[in-house]
Protein chains: 2
Amino acid sequence: MTTSMRIMTDNPLNAETPAARLRSWITPNAVFFDRNQGQIPDAPADLDTWRLTIDGDVNQSLKLDLDRIQSLPKAIVANTLECSGNSRSLLEKRAPGNPWTIGGVGNAVWGGIWLRDLLNKSGLADRAAHVAFEGMDTPLGKSRIKFVRSIPIEKAMSSTLLAYEMNGDPLPLKHGYPLRALALGWTGANCVKWLNRITVLERPFKGFFMDQVYRVFQKGQMPASGEVVTAIRLNSIITRPLAGERLKKGDVVVLGAAYAGEGRVAQVDVSTDHGASWQPAEFIGPDEPYAWRQWQYVWRPDRGGDHTLWSRAVDDQGGQQPMSATWNFLGYGNNGVDEHAVRVVVT
Amino acid sequence: MTTSMRIMTDNPLNAETPAARLRSWITPNAVFFDRNQGQIPDAPADLDTWRLTIDGDVNQSLKLDLDRIQSLPKAIVANTLECSGNSRSLLEKRAPGNPWTIGGVGNAVWGGIWLRDLLNKSGLADRAAHVAFEGMDTPLGKSRIKFVRSIPIEKAMSSTLLAYEMNGDPLPLKHGYPLRALALGWTGANCVKWLNRITVLERPFKGFFMDQVYRVFQKGQMPASGEVVTAIRLNSIITRPLAGERLKKGDVVVLGAAYAGEGRVAQVDVSTDHGASWQPAEFIGPDEPYAWRQWQYVWRPDRGGDHTLWSRAVDDQGGQQPMSATWNFLGYGNNGVDEHAVRVVVT
């Protein structure tokens, strides 16, 4: 059983959590997935000089140090974060980008302040429509484009955290110390790390990371014509047994997780006969908005040989995880039941 | 602001979490309080030879290795653990034992198996009334008495976990690797670490740690005549500002936690005028059975100088934290509002 991170690229660091470490509700900081566009800062920001700037279409620009931020009303929120491209490598048809299996996801309890409290302090101009986040990481690649992303003002005002704490520890350097944006229930691309500037805009930020990537589009289409990747899609994963595992006859406790972005997971069903029948799984562990549910299902294989395990999540609006993901050119949002199947051998 | 552990004794290790590290819902494993009677094992148990034995008044004794334990249905539970003697040093009248302030408490998300699943597997004899836990730590002190504790069969069958995971990580060595008992909502004394033997008994285990300590009794009374320390009492703590902190005029965000053992915290009120008036605090963070609630209250001091902050928790049965704890000879269960007051200076 592999329990160390699977590194996909070194510079920038992109690494996923092994499935066995996704079996608990809390994903420890040390094994939380790494997704970077730029180079992680070499050293933690110097808090004597670090400031968060709020500017743009506001009545009053602000500059705050970390002490000031931590002196504001605190929010503590469980939130499951997923990379936009998570599970991309499980698609039948190849898509470019990091070859994530299921480990570009994790759940943490974050502490910070509500972005709306800051925006209310600065005062929004009437034309304010989007909020752009900029971080301190150094851009990589030839074009040296900063990773700037913006989210709609409605999301910024309703459910976006500026987090300085992760699972009770100060935000680790590689997860954005001292501060990161967390658009709750949205993919990691919307959650800029090493945040030091928040700019209120009258339209979405224009740039490579808004218009060329993190868009759902088909081959031959203009990327910018595609929908922006925002909320995490309803999905379920099997974390035990592991793919290819050889199992002895007898009861097998199947473990997994299910998540729904801004929604709530209401049910998870398991099929061991390619969908001919589905059995309900049992939820285990905390039940919190924005956070995944862990589940288990006791399976008694009726024969030796190859078996395929499927899990399928249903949300509280009756939405159902699709049997197969809708393919798109960059392979975002793969939440297909079939792509997340686990094949095992009973001996 | 001190953020390192406050070590009270070295051998055995007894150390409390600094108040500033109790501000989040999750208490990280690295700063979770340490309470030991014996010597922490030098090295993790060898899993090739480690076994959990279940014996005594059962139909069938069992010996299980960790793989077998981890192959059983999993439970994931948030549980706030508190030392029986936590806050002892805040009592007005001195009591012997480690001088805990408020840091003998912490909250973790634990993974393991339900003890009832094992006991059902072994089959309980009709006379089964108590369940004793024995660990692998080496006794210290002249008398070399093992730390053995038993709990009633009703608690063992309803809400006792055998935990192998703490905040998503394998149980750390100093917190009982590979396995510890967790009588949910009960004090640490009922949650034996380095567990390797569970013995079902027809009466409570007899011994020093059952009859001489972890009993609520008054001076001159026989310890064994006192009630056994079991469930954690309703309590609230203030984690910010810290005692003695000097605050500037203006809004002060007061942070704290409240917990109720097997109960649920329903409300926390704050008084800054010695109880003449009480204002409701706001809950922040996850709301789970057995786990504490984080709360905050925005306070605007009306004058400079000395101030005393009080917090008072109410449970969902209307039970209220007492203004002052009921003193007992060993200083257990101090949950007094006044003892947990924080005095600060506004400049």
Side-chain angles (χ1 to χ4, degrees), chain A residues 1 3 17 20-32 67 70-78 106-114 164-170 239-241 247-248 250-255 257 282-291 293-298, chain B residues 1 3 17 20-32 67 70-78 106-114 164-170 239-241 247-248 250-255 257 282-291 293-298:
Chain A
M1 181 174 87
T3 56
T17 310
R21 297 305 307 267
L22 302 175
R23 289 176 189 164
S24 198
W25 191 68
I26 293 284
T27 312
N29 296 353
V31 295
F32 208 92
D67 272 353
Q70 293 183 337
S71 76
L72 297 174
K74 184 173 183 177
I76 299 176
V77 186
N107 186 62
V109 177
W110 311 82
I113 62 170
W114 291 115
Y164 52 75
E165 197 180 76
M166 184 177 183
N167 289 329
D169 273 326
T239 58
R240 178 175 151 201
L247 307 173
K248 294 198 183 105
D251 284 349
V252 176
V253 177
V254 179
L255 295 176
E282 175 199 7
F283 286 123
I284 52 176
D287 179 16
E288 295 288 324
Y290 304 112
R293 300 294 309 269
Q294 303 299 119
W295 57 264
Q296 67 186 347
Y297 171 71
V298 180
Chain B
M1 180 175 87
T3 56
T17 310
R21 297 306 306 268
L22 302 174
R23 290 177 189 163
S24 198
W25 191 68
I26 292 284
T27 312
N29 296 353
V31 295
F32 208 91
D67 272 353
Q70 293 182 339
S71 75
L72 296 173
K74 185 174 183 177
I76 300 176
V77 186
N107 186 61
V109 177
W110 311 82
I113 62 170
W114 291 114
Y164 52 74
E165 197 181 75
M166 183 177 184
N167 288 328
D169 273 326
T239 58
R240 180 176 149 200
L247 307 173
K248 294 198 183 104
D251 285 349
V252 176
V253 177
V254 179
L255 295 177
E282 175 199 8
F283 287 123
I284 51 177
D287 179 16
E288 294 289 323
Y290 304 112
R293 299 293 310 267
Q294 303 299 120
W295 57 264
Q296 67 185 348
Y297 170 71
V298 180

**Prompt:** At what distance, to the nearest 0.5 angstrom, does CG of B:N167 lie from CG of A:N29?
**Reply:** 9.5 Å

**Asked** If you tally heavy-atom pairs under 4.5 Å against chain B, which of A:V109, A:V253, A:V31 wins?
**Response** A:V253

**Fill in**
Distance col, row A:Q70:CD vs A:I113:CD1, nearest 0.5 angstrom, shows 9.5 Å

**Message:** At a 4.5 Å cut-off on heavy atoms, which part of A:L22 comes close to chain B: side chain, backbone, both, or neither?
**Reply:** neither

**Complete:** Those residues at least two apart in sequence (or on a different chain) that pass salt bridge (charged side-chain N to carboxylate O under 4.0 Å, His left out) with A:E288 are none

**Message:** At a heavy-atom distance under 4.5 Å, which candidate from A:P289, A:G168, A:G111 has the highest pair count against chain B?
**Reply:** A:G168

**Prompt:** Given the options B:E165, B:K74, B:R21, which has more heavy-atom pairs under 4.5 Å with chain A than any of the others?
**Reply:** B:K74

**Request:** Sort out for me which of A:I284, A:D287, A:V77 touches chain B most, counting heavy-atom pairs under 4.5 Å.
**Result:** A:I284

**Message:** With chain A as the partner, which of B:L72, B:D251, B:N107 has the greatest number of non-hydrogen pairs under 4.5 Å?
**Reply:** B:L72

**Partners meeting side chain to side chain donor-acceptor pair (under 3.5 Å) with B:T27 (sequence neighbours left out)** = none

**Request:** Kindly give the heavy-atom pair with the smallest separation between A:A75 and A:W114, and that separation in Å.
**Result:** CB-NE1, 3.3 Å

